[in-house]
Amino acid sequence: MATVGRLARIARLGTSICKNHRLYFNRSTQRRGIASCVDPAHGLTDEQKEFQKVAFDFAANEMTPHMAEWDQKEIFPVETMRKAAQLGFGGIYVQPEVGGSGLSRLDTSVIFEALSTGCVSTTAYISIHNMCAWMIDTFGNNEQRERFCPDLCMMEKFASYCLTEPGSGSDAASLLTTAKLKGDHYILNGSKAFISGGGDTDVYVVMCRTGGKGPKGISCLVVEKGTPGLSFGKKEKKVGWNSQPTRAVIFEDCAVPVINRLGEEGQGFSMAMKGLNGGRINIASCSLGAAHASVQLARDHLLVRKQFGETLSNNQYLQFKLAEMATKLVASRLLVREAATALQENRPDAVSLCSMAKLFATDECFNICNDALQMHGGYGYLKDYAVQQFVRDIRVHQILEGTNEVMRMIISRNLLTES
């Protein structure tokens with residue numbers, strides 16, 4: 001069981017804490033510390049700074065050296081993630097009594113931002129796994145929590161979130177996967193698309209239709225790997241996120257015990273949306289980590305790369321561009337952390353703020369990474385340089401956990417319907 005105190009002790013006792021949160025540097029640059037104006041430790045408590053150091057250290061030592069290989073060879077780094085779970089990162093906001101760390105949404109954002117500097121793709125999967133574990137912890141009964149959460153928190157078992165279908169992406173409430181009650185089992189038929197971890201994970205948190213049309217007909221079942229009738233599609237070939245497999249999840253007369261239903265029938269869509277509110281903060285936090293690392297990489301490249309007889313750092317256009325990137329990074333971070341706090345406090349503006357944070361941070365952080373690649377010139381397009389992988393890995397953040405177009409719909413609906 002990992003608590004805040006345990007994380008703090010790990011930080012104090014660690015043998016190789018990155019004193020300056022040093023990140024991912026390409027071969028031609030020297031390691032330099034973080035500029036104070038973009039320091040992600042600003043505004044954090046001493047305790048938060050301690051486990052932020054743990055996460056940065058883990059990213060630098062356990063993820064960064066393997067990030068390119070995981071991407072190129074499409075390796076799902078199970079053992080590395082289990083090491084992360086030993087630090088409490090397998091169930092960060094799951095309750096301690098079932099093996100979680102019991103940390104806040106803000107704490108979680110801080111951790112995911114730090115981990116993403118080492119590998120966005122792997123951290124993004126860890127964030128999805130955490131969302132699934134939280135859903136079981138929050139909406140499950142005591143038997144379900146005790147049966148599933150301890151193994152998930154230690155990442156002895158891995159979880160996948162199953163909402164999207166081939167015909168229902170943004171219009172999630174129109175999903176067609178059915179679950180017909182037959183005795184003490186539900187018989188599932190249908191398929192889910194673009195499922196992170198699909199085929200390699202052990203627990204599938206599945207939204208399915210037990211009732212009529214619309215959101216009130218949707219329930220949530222936990223389906224375990226090995227259940228007869230559960231199968232998987234081919235492994236998708238993706239632009240990024242290559243350290244986690246993505247497959248269709250297929251149900252053909254798949255019999256799932258009624259005792260695996262979370263909550264009551266008809267509550268599944270509400271559970272799915274509540275999970276996604278946190279998921280949007282998590283994925284925005286992963287974008288922050290990529291953008292932070294990319295600002296560092298761009299700065300270091302400008303300081304050493306010479307053209308026209310001087311370093312690029314003397315070019316005023318590039319100076320201004322770097323300043324804009326840093327400003328967008330800090331603005332994104334502040335919005336994400338405000339949204340995390342709002343969600344933790346269950347404030348009325350939490351849903352809109354989560355949508356704003358996801359929209360703004362994923363858009364702006366992608367732009368930051370893309371600008372950093374441009375600053376590298378032709379080198380930025382080589383796979384020897386990390387910046388191109390950050391660009392590829394976070395592009396999908398503008399699509400998943402609700403597209404950024406849907407985020408605009410949620411925000412505008414709130415603006416136009418509240419009196």
Side-chain angles (χ1 to χ4, degrees), residues 24 59 62-81 84 89 111-132 155 158-166 169-170 192-201 204-205 232-249 275-276 278-294 358 361-363 365-370 372-373 383 385-404:
Y24 189 118
E62 301 291 343
M63 300 171 82
T64 294
H66 310 291
M67 172 177 155
E69 181 185 16
W70 293 341
D71 173 66
Q72 292 168 23
K73 296 182 180 179
E74 299 185 2
I75 295 170
F76 191 43
V78 168
E79 293 308 316
T80 298
M81 291 190 289
F89 298 156
I111 289 168
F112 285 147
E113 177 181 355
L115 290 178
S116 285
T117 62
C119 181
V120 172
S121 171
T122 303
T123 305
Y125 171 74
I126 293 173
S127 81
I128 295 167
H129 172 91
N130 269 262
M131 179 174 69
C132 293
M155 287 188 148
F158 294 91
S160 291
Y161 178 83
C162 301
L163 175 63
T164 300
E165 296 184 0
S170 294
K192 298 294 180 178
F194 311 127
I195 303 306
S196 294
D200 283 39
T201 50
Y204 296 85
V205 180
F232 308 96
K234 67 177 179 63
K235 185 177 177 181
E236 305 288 359
K237 301 296 289 185
K238 307 190 297 291
V239 171
W241 271 32
N242 289 318
S243 71
Q244 48 170 294
T246 300
R247 294 184 178 91
V249 177
L276 283 178
R280 287 163 184 162
I281 294 171
N282 293 346
I283 216 65
S285 302
C286 292
S287 293
L288 291 175
H292 183 78
S294 294
K358 198 269 184 181
T362 59
D363 276 354
C365 289
F366 175 77
N367 292 335
I368 290 167
C369 294
N370 200 39
L373 188 155
K383 288 196 173 180
Y385 288 75
V387 68
Q388 53 76 32
Q389 189 171 336
F390 286 123
V391 172
R392 289 187 292 107
D393 279 344
I394 72 164
R395 178 59 183 88
V396 74
H397 296 188
Q398 296 166 287
I399 299 172
L400 49 76
E401 309 286 36
T403 67
N404 283 6

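Counting from 1, the numbers follow the sequence of the chain as shown.
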Provide the closest heavy-atom pair for Gly118 versus Thr64 in the form atom of the first, atom of the second, distance.
CA-OG1, 3.3 Å
Suppose we screen for side-chain contact (heavy atoms from CB on, under 4.5 Å). Which residues come up paired with Glu62, at least two apart in sequence or across chains?
Phe58, Thr80, Lys83
Leu288 side chain reached by Cys365 side chain, heavy atoms, under 4.5 Å:
yes
Does any N or O in the side chain of Arg395 come within less than 3.5 Å of the main-chain N or O of Phe366, such that one atom is a donor and the other an acceptor?
no
Any luck finding a side-chain donor-acceptor pair between Asp363 and Asn404 under 3.5 Å?
yes
Report, as yes or no, whether the 6.0 Å neighbourhood of atom CZ on Phe76 holds more than 12 heavy atoms from other residues, nucleotides or ligands.
yes
Enter the distance from Cys286:SG to Glu401:CD here, rounded to the nearest 0.5 Å.
9.5 Å
To the nearest 0.5 Å, atom CG of Asp200 lies from atom CZ of Phe232 at 8.5 Å
Find out whether Val78 and Phe158 are in side-chain contact, i.e. whether some heavy atom of one side chain is under 4.5 Å from a heavy atom of the other.
yes
How close do Met131 and Gly279 get, counting heavy atoms only, and between which atoms?
SD-CA, 4.0 Å
Kindly give the heavy-atom pair with the smallest separation between Cys119 and Met63, and that separation in Å.
O-CE, 3.8 Å
Within a strict 4.5 Å, meaning less than it, do heavy atoms of the Ile394 and Cys369 side chains meet?
yes
Any heavy-atom pair between the side chains of Met155 and Ile126 that's under 4.5 Å?
yes
Thr246 and Ser196: which non-hydrogen atoms are nearest, and at how many Å?
OG1-CA, 4.5 Å
Starting at OG1 of Thr122, measure out to CD of Gln244 and round the result to the nearest 0.5 Å.
7.5 Å
Could you tell me whether the side chain of Trp241 reaches within less than 4.5 Å of the side chain of Leu400, counting heavy atoms only?
yes
I want to check something: taking the side chain as every heavy atom from C-beta on, are Pro77 and His66 in contact at a cut-off of under 4.5 Å?
no
Could you measure the distance from the CZ atom of Arg392 to the CG atom of Asn242? Nearest 0.5 Å is fine.
6.5 Å
Under the salt bridge (charged side-chain N to carboxylate O under 4.0 Å, His left out) definition, can you give me all pairs with a residue in residues 111-121, not counting sequence neighbours?
Glu113-Arg333, Glu113-Arg337
Could you check whether any side-chain heavy atom of Phe89 comes within less than 4.5 Å of a side-chain heavy atom of Asn130, counting everything from C-beta outward?
no
What distance separates Asn282 CG from Lys358 NZ, expressed to the nearest 0.5 Å?
12.5 Å
Phe112 versus Ile281: any side-chain heavy-atom pair under 4.5 Å?
no
State which residues pass side-chain contact (heavy atoms from CB on, under 4.5 Å) with Lys237; sequence neighbours excluded, sorted by chain then number.
Glu74
How close do Ser121 and Ser243 get, counting heavy atoms only, and between which atoms?
OG-OG, 2.7 Å
In Å, rounded to the nearest 0.5 Å, how long is the span from CD of Glu69 to CE of Met67?
13.0 Å
Do side-chain atoms of Lys235 reach the backbone of Gly199 as a donor and acceptor pair under 3.5 angstrom?
no
What's the verdict on side chain to side chain contact (heavy atoms under 4.5 Å, CB included) for Thr201 and His129, showing C-alpha distance, side-chain angles and the deciding distance?
CA-CA 10 Å; Thr201 50; His129 172 91; over 6 Å; no
Non-hydrogen atoms of Leu276 and Leu163 that approach each other most closely:
CD1-CD2, 4.1 Å
Please tell me whether Ser287 and Thr362 have a donor and an acceptor in their side chains that are separated by less than 3.5 angstrom.
no
